[in-house]
A.B. asks: 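Quick one: structure below, then a few questions.
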Amino acid sequence: MENANQKLQPATTSPRIYVACLSSYNSGVLHGAWIAADQDPAGIHAEIQSMLAESREPIAEDWAIHDYEGFFGHHLGEHESIEDVADIADLIAEHGRLGAD
């Protein structure tokens, strides 16, 4: 039997976000990528741009965070600042669950 703390553990130990291409999403196609959030914001932005470049949609510029893991209950919005996401992920990487509060 699991205890309450085990249910709060994320599926992955490192915070990550699923970023979706909104042009694809609006066309009924799921296109996105899981991106490690505990990296420099420039790295996250680069991975988002790479994901958008691989879209089949001719104008793939807009994106949104559609899922996330490893944030210990901290809520992220669809249009959360990548700088804020990276800051929170760094705090979690350094302090564990306390970094999410």
Side-chain angles (χ1 to χ4, degrees):
M1 179 174 195
E2 294 182 11
N3 67 37
N5 290 334
Q6 287 175 322
K7 291 180 182 178
L8 297 175
Q9 295 299 316
T12 181
T13 57
S14 298
R16 63 186 190 149
I17 55 175
Y18 181 81
V19 180
C21 169
L22 292 181
S23 294
S24 297
Y25 181 80
N26 291 332
S27 296
V29 176
L30 296 178
H31 176 74
W34 280 102
I35 299 172
D38 56 348
Q39 61 177 311
D40 184 81
I44 298 172
H45 281 293
E47 289 192 47
I48 291 171
Q49 293 307 310
S50 177
M51 177 274 297
L52 292 171
E54 294 174 4
S55 173
R56 294 185 288 169
E57 295 301 313
I59 301 174
E61 301 171 337
D62 297 324
W63 55 269
I65 298 171
H66 279 189
D67 202 359
Y68 51 92
E69 294 183 329
F71 285 86
F72 294 102
H74 185 88
H75 175 76
L76 297 180
E78 285 189 340
H79 302 288
E80 195 81 34
S81 156
I82 292 302
E83 288 71 18
D84 289 347
V85 169
D87 286 345
I88 295 163
D90 282 344
L91 286 171
I92 291 169
E94 187 174 339
H95 302 288
R97 183 175 184 81
L98 289 175
D101 293 335

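If you read the sequence from its start, that first residue is 1, and numbering goes on from there.
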A.B. asks: Any side-chain heavy atom of R56 sitting closer than 4.5 Å to one from V29?
C.D. replies: yes
A.B. asks: Give me each pair satisfying ring pair (Phe, Tyr, Trp, His ring centres under 6.0 Å) with a member in residues 25-54, each pair once, sequence neighbours excluded.
C.D. replies: Y18-W34, Y25-H66
A.B. asks: Report yes or no: does S23 contribute a side-chain atom to a donor-acceptor pair with the main-chain N or O of I59 at less than 3.5 Å?
C.D. replies: yes
A.B. asks: Taking the side chain as every heavy atom from C-beta outward, state whether C21 and W63 have any atom pair closer than 4.5 Å.
C.D. replies: no
A.B. asks: Indicate yes or no for a side-chain donor-acceptor contact from E47 to the backbone of I44 under 3.5 Å, with no hydrogens or angles considered.
C.D. replies: no
A.B. asks: Please round to the nearest 0.5 Å and tell me the distance separating atom CZ of R16 and atom CD1 of I35.
C.D. replies: 11.0 Å
A.B. asks: Donor-acceptor pair, E80 side chain versus G77 backbone, under 3.5 Å?
C.D. replies: yes
A.B. asks: Tell me the closest heavy-atom pair linking Q39 and D90, and the distance in Å.
C.D. replies: N-OD1, 4.5 Å
A.B. asks: So do the side chains of L76 and I17 get within less than 4.5 Å of each other, counting heavy atoms only?
C.D. replies: yes
A.B. asks: Do you know the tightest heavy-atom contact between D62 and L52?
C.D. replies: O-CD2, 3.7 Å
A.B. asks: Start with the C-alpha gap between M51 and V19, add the side-chain angles, then the distance that decides, and say whether side chain to side chain contact (heavy atoms under 4.5 Å, CB included) holds.
C.D. replies: CA-CA 8 Å; M51 177 274 297; V19 180; 3.8 Å; yes
A.B. asks: Looking just at side-chain N and O atoms, do S27 and E57 make a donor-acceptor pair shorter than 3.5 Å?
C.D. replies: yes
A.B. asks: Answer yes or no: is there a side-chain heavy-atom contact under 4.5 Å between Y68 and V85?
C.D. replies: no
A.B. asks: Tell me every residue that passes side-chain contact (heavy atoms from CB on, under 4.5 Å) with S81, counting only those two or more places apart in sequence or in another chain.
C.D. replies: E83, D84
A.B. asks: Please round to the nearest 0.5 Å and tell me the distance separating atom CD of E61 and atom CD1 of I48.
C.D. replies: 14.0 Å
